[in-house]
Amino acid sequence: MTEDRKKSGLVLCLPVFENINLINAQKKSAFGYLDWRQLTRVAEKQRKALNIRLSRIEQTVATLSGGNQQKVALAKWLEFEPDVILFDEPTRGIDIGAKTEIYHILGALAARGTAIIMVSSELPELLSVADRIMVLREGEMKGIVRRDEATQELIMSLAALNHRDTAASRQERA
């Protein structure tokens, strides 16, 4: 799932049911024709499963709150039934209530056996939801920390550049 739902995750001018079916529409077609009733059923199923709040399934995505837009973006991938989902900043720009709902959805996916890789710049978020945290610095892995070992101090120490690292990195690149 993309970091910027508005620019690359959703088609804001399209209805919710079309956005949810963007990836799977071809599977839901017969002889090249879309079955609009089937697409609507799929969207309604995802709306209920993710508690997407809207007045009607034909409502355009642009009219939804940020949290509900994020759930629509997620719904289209869940309908694809992936084994692995990469979430890039899954709670950016949404309110605390929607964040909590997204965390519950992530937990339910993990419990079902879906592997979740989450990129987040919010350290408290990572500490609260991740089983393991991989720390990257300048494109290089600096460590993997298990949940029971993870502290802000440890993560920040792995992520922080010190003067020797900076000087050594510059010499190596030269």
Side-chain angles (χ1 to χ4, degrees), residues 1-12 16 19-24 27 45-47 49-53 61 64-174:
M1 254 182 62
T2 180
E3 175 180 1
D4 190 337
R5 68 182 171 271
K6 290 183 179 184
K7 287 186 180 175
S8 56
L10 297 166
V11 182
L12 296 175
V16 169
N19 270 277
I20 289 174
N21 287 289
L22 282 174
I23 295 172
N24 280 326
K27 285 183 182 179
K45 178 185 81 173
Q46 289 296 338
R47 183 195 63 77
L50 299 180
N51 192 30
I52 301 170
R53 293 178 192 90
V61 173
L64 301 177
S65 69
N68 284 306
Q69 286 180 359
Q70 189 72 335
K71 288 189 267 184
V72 170
L74 175 55
K76 74 178 181 181
W77 292 109
L78 294 183
E79 188 57 31
F80 188 64
E81 298 179 352
D83 294 327
V84 178
I85 301 178
L86 171 60
F87 289 94
D88 191 356
E89 302 288 352
T91 62
R92 178 175 284 164
I94 63 176
D95 66 59
I96 190 70
K99 281 184 180 191
T100 302
E101 287 185 272
I102 295 290
Y103 297 151
H104 287 296
I105 293 165
L106 295 176
L109 287 169
R112 282 196 331 227
T114 304
I116 297 172
I117 301 169
M118 185 170 83
V119 176
S120 178
S121 55
E122 295 186 33
L123 188 52
E125 176 173 77
L126 291 172
L127 291 169
S128 68
V129 300
D131 291 329
R132 289 181 300 281
I133 299 172
M134 177 187 292
V135 180
L136 300 173
R137 183 177 63 211
E138 293 184 348
E140 187 177 320
M141 184 181 72
K142 295 299 178 180
I144 297 176
V145 182
R146 290 189 331 256
R147 173 183 274 182
D148 60 340
E149 301 171 330
T151 63
Q152 282 190 304
E153 294 77 22
L154 176 57
I155 302 300
M156 292 307 294
S157 71
L158 291 169
L161 285 173
N162 64 39
H163 295 293
R164 274 189 257 152
D165 285 342
T166 305
S169 296
R170 287 184 189 144
Q171 286 179 345
E172 286 176 18
R173 284 187 231 136

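None of the values given here were measured: they were computed from a predicted structure.
- Put simply, the side chain of R137 does not reach to within 4.5 Å of the side chain of L158, judged on heavy atoms.
- The environment of R132 atom CZ is sparse: at most 12 non-hydrogen atoms of other residues, nucleotides or ligands sit within 6.0 angstrom.
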### Message
Run V11 and V61 through side-chain contact (heavy atoms from CB on, under 4.5 Å) and show every step you take.
### Response
CA-CA 7 Å; V11 182; V61 173; over 6 Å; no
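- Between L109 and L78 there is a side-chain heavy-atom pair separated by less than 4.5 Å.
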### Task
Take M134 and K142 through the side-chain contact (heavy atoms from CB on, under 4.5 Å) test and state the conclusion after the steps.
CA-CA 8 Å; M134 177 187 292; K142 295 299 178 180; over 6 Å; no
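- Interatomic distance, K71 NZ to Q46 CD, rounded to the nearest 0.5 Å: 12.0 Å.
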### Message
Pair V84, T114 - check side-chain contact (heavy atoms from CB on, under 4.5 Å), show working.
### Response
CA-CA 6 Å; V84 178; T114 304; over 6 Å; no
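- Between G67 and A98, the shortest heavy-atom distance links the atoms CA-CB, 3.6 Å.
- Between M1 and L74, the closest side-chain pair of non-hydrogen atoms falls below 4.5 Å.
- Between F87 and I117 the shortest side-chain heavy-atom distance does not fall below 4.5 Å.
- Taking every heavy atom of both residues into account, I116 and A110 meet most closely at CD1-N, 3.9 Å.
- A donor-acceptor pair under 3.5 Å is absent between the side-chain atoms of R112 and the main chain of G107, judged by distance alone.
- Side-chain atoms of R5 never come within 3.5 Å of backbone atoms of L10 as a donor-acceptor pair (strictly under, hydrogens ignored).
- Here the side chain of Q69 pairs a donor or acceptor atom with the backbone of L64 at under 3.5 angstrom.
- For the pair I144/I133, no side-chain contact is recorded, criterion being any heavy-atom separation below 4.5 Å from C-beta on.
- For the atom pair N68 CG and R47 CZ, the distance stands at 10.5 Å (nearest 0.5 Å).
- Shown here for A73 and G9, the closest heavy-atom pair between the two residues is CB-O, 4.4 Å.
- Between D88 and V119 the shortest side-chain heavy-atom distance falls below 4.5 Å.
- Look at D4 and K6 and you find no salt bridge, because none of the NZ, NE, NH1 or NH2 atoms lies under 4.0 Å from a carboxylate O.
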Which pairs of donor and acceptor atoms, one on a side chain in residues 121-129, lie under 3.5 Å apart (sequence neighbours left out)?
unit_1: S121; atom_1: OG; unit_2: E89; atom_2: OE1; d: 3.4
unit_1: S121; atom_1: OG; unit_2: E89; atom_2: OE2; d: 3.1
unit_1: E122; atom_1: OE1; unit_2: K99; atom_2: NZ; d: 3.2
unit_1: E125; atom_1: OE1; unit_2: S120; atom_2: OG; d: 2.5
unit_1: E125; atom_1: OE2; unit_2: T91; atom_2: OG1; d: 2.3
unit_1: E125; atom_1: OE2; unit_2: Y103; atom_2: OH; d: 2.7
unit_1: S128; atom_1: OG; unit_2: P124; atom_2: O; d: 3.3
unit_1: S128; atom_1: OG; unit_2: E125; atom_2: O; d: 3.0

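- Applying the side-chain hydrogen bond (donor to acceptor under 3.5 Å, both in side chains) test to every pair with at least one member in residues 151-160, sequence neighbours left out, gives no pairs at all.
- Interatomic distance, CD1 of I105 versus CG of N51, reported as 8.0 Å (0.5 Å rounding).
- In this structure, Q70 contributes its side chain and I94 its backbone to no donor-acceptor pair below 3.5 Å.
- Separation of atoms NZ (K45) and CD1 (I20) is listed at 10.0 Å; rounding is to 0.5 Å.
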